[in-house]
Amino acid sequence: MNNVDTGDTVARPAPAEVLPWTQPLLRELFASRTSWPHAMLLTGAAGIGKRSVAMHVAQALLCESPRGDGFACNACPSCRYFAAGQHPDLRVLEPLKVDDDGEIKRLDHIPIDKVRELRELVELTTHRGGNKVAVIVPAELMNHAAANALLKTLEEPPPDTYLLLVSHQPGRLPATILSRCRRVPLATPDADSASAWLAAQGVASPAGVLAQANGAPIAALGLADPDAQAERAAWLAALAEPRTLSPTLLSARVDVGARELRKDRLAAVIDWLIAWSTDIARVAARGTPKANLDFAPALAALAPRVARISLSRYHRELLRQRARIAHPLTPRLTVEALLIDYRALFDHGR
């Protein structure tokens with residue numbers, strides 16, 4: 001169970017390890033610590049470890065006896081508080097909330113009251129006599145009011161206060177926020193490094209899940225779950241046979257369990273459809289599949305049967321639905337409509 005601070009913000013500790021591909025960036029950051037601004041924005045693709053970088057930076061800022069290379073000592077009282085998720089001078093703002101039963105629930109956005117709690121933190125005297133740090137992830141999920149509230153802190157940052165924003169969609173942040181943060185980009189690791197790390201985590205087929213995750217190793221680790229892989233395989237096998245695909249029966253697979261689970265399944269299905277349609281387009285253009293390497297023969301059979309203009313329109317609709325994922329009308333009906341449109345792509349050929 002994760003630890004929760006007094007503001008109902010889930011304060012998860014940093015990973016015990018430093019992700020191998022993030023070490024060069026962390027070393028570079030720590031070497032220039034004396035010139036750090038009060039606000040940094042870590043950007044890069046989803047699932048590559050930006051949150052891990054932010055949390056290691058936060059721990060270093062809070063550490064009472066940092067190492068010579070700038071990394072946290074992992075032994076002082078502050079580091080122990082940090083590891084337990086209970087450091088009094090740290091706030092982690094995420095779209096999460098703890099209900100009356102102690103269950104952690106995801107929200108569609110980071111509300112203004114969390115940013116107001118942050119404002120109260122930075123105006124207080126530090127508990128441990130050092131820095132105060134806030135990590136906001138993903139920052140693009142702050143609603144308009146929350147972003148405006150944060151702007152007040154960015155404009156007049158108190159001494160020894162650091163704000164670490166994490167975002168894979170920085171274009172969704174207001175220009176006023178962007179202009180007051182130093183952007184720190186994190187690159188997607190090379191395939192060999194990412195595959196080696198996944199193999200060390202016990203992933204049996206790292207290349208396959210890494211392809212599914214568009215090269216993002218943290219995301220790939222989540223996709224490697226055997227149940228998730230089995231569900232994906234069932235969906236893609238159905239997509240490989242559009243003539244026999246039943247939109248009604250297949251869409252019913254997302255309509256099971258609690259609301260949050262249904263939304264998760266909806267997001268996963270739309271992601272599979274986006275990757276599948278993209279791979280069909282790649283194969284149709286004489287390329288090779290990128291995400292669905294294990295279904296290459298099926299994609300090769302489908303590609304000549306679909307009109308590229310229709311496929312492009314369908315892909316755009318998938319992207320629109322993915323952007324609306326926070327407020328779907330009904331997951332099952334949304335998926336059923338998308339599957340009906342998918343099947344129609346193959347009704348007439350070119």
Over all heavy atoms of both residues, which pair between [X] and [Y] is shortest? Give the atoms and the distance, please.
| X | Y | value |
| --- | --- | --- |
| A58 | V135 | CB-CG2, 4.1 Å |
| A298 | W276 | CB-CH2, 4.3 Å |
| R282 | T288 | NE-O, 2.8 Å |
| K132 | L121 | CD-O, 3.7 Å |
| L29 | V57 | CD1-CG2, 4.1 Å |
| L198 | A220 | CD1-CB, 3.8 Å |

Out of curiosity, [X] [atom1] to [Y] [atom2], how far, rounded to the nearest 0.5 Å?
| X | Y | atom1 | atom2 | value |
| --- | --- | --- | --- | --- |
| H56 | F71 | NE2 | CZ | 8.0 Å |
| L90 | Y162 | CG | OH | 14.5 Å |
| Q169 | T43 | CD | OG1 | 12.0 Å |
| S251 | I340 | OG | CD1 | 8.0 Å |
| L299 | L293 | CG | CG | 9.5 Å |
| L239 | R232 | CG | CZ | 10.5 Å |

Do [X] and [Y] share a hydrophobic cluster, counting only Ile, Leu, Val, Met, Phe, Trp and Tyr and linking them when any side-chain heavy atoms are less than 4.5 Å apart?
| X | Y | answer |
| --- | --- | --- |
| L236 | L223 | no |
| W235 | L249 | no |
| L333 | I270 | no |
| I110 | V122 | yes |
| L250 | V335 | yes |

Under the 3.5 angstrom rule, does the side chain of [X] hit a backbone N or O of [Y] as a donor-acceptor pair?
| X | Y | value |
| --- | --- | --- |
| R80 | A75 | yes |
| D279 | N292 | yes |
| R322 | I274 | no |
| R308 | A284 | yes |
| R343 | L245 | yes |
| S179 | T176 | yes |

Minimum side-chain heavy-atom gap [X]-[Y] below 4.5 Å:
| X | Y | result |
| --- | --- | --- |
| L178 | L41 | yes |
| C76 | C63 | yes |
| Q229 | Q212 | yes |
| H315 | T278 | yes |
| L141 | E94 | no |
| L163 | L118 | yes |
| R180 | L151 | yes |
| L42 | R51 | no |

Practice item. Run the salt-bridge test on R265 and E231 with the 4.0 Å N-O cut-off and return the result as yes or no. Key: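 Judged by the 4.0 Å cut-off on N to carboxylate O distance, R265 and E231 do not form a salt bridge.
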Review point. Is the shortest distance from a Lys or Arg side-chain nitrogen in R262 or D255 to a carboxylate oxygen in the other one below 4.0 Å?
Key: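 Yes.
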**Study point:** Distance-only side-chain donor-acceptor flag, R316 / S312, under 3.5 Å
**Key:**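 Their side chains do contain a donor-acceptor pair, which is all the 3.5 Å distance test asks for.
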**Study point:** Exercise: do N74 and Q59 side chains pair donor with acceptor under 3.5 Å
**Key:**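 Side chains of N74 and Q59: pair found under 3.5 Å.
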Exercise for review: For the residue pair W21 and W197, categorise the inter-ring angle as parallel (less than 30°), tilted (30 to 60°) or perpendicular (more than 60°).
Suggested key: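 Aromatic pair W21/W197 classed perpendicular.
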Check your understanding: Would you call the rings of Y342 and Y314 parallel, tilted or perpendicular if under 30° counts as parallel and over 60° as perpendicular?
Key ->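 Rings of Y342 and Y314: tilted, as their planes differ by 30° to 60°.
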For [X], I'd like to know if atom [atom1] has over 12 heavy atoms of other residues, nucleotides or ligands within 6.0 Å.
| X | atom1 | value |
| --- | --- | --- |
| E64 | CD | yes |
| F30 | CZ | yes |
| E156 | CD | no |
| R320 | CZ | yes |
| E28 | CD | no |

Exercise for review: Let me know which of R183, K50, E140 forms a side-chain hydrogen bond (donor to acceptor under 3.5 Å, both in side chains) with S167.
Suggested key: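 Output: one option passes, namely E140.
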Practice item. List the steps, then state whether side chain to side chain donor-acceptor pair (under 3.5 Å) holds for H38 with T161. Key: CA-CA 6 Å; H38 284 283; T161 299; 5.9 Å; no
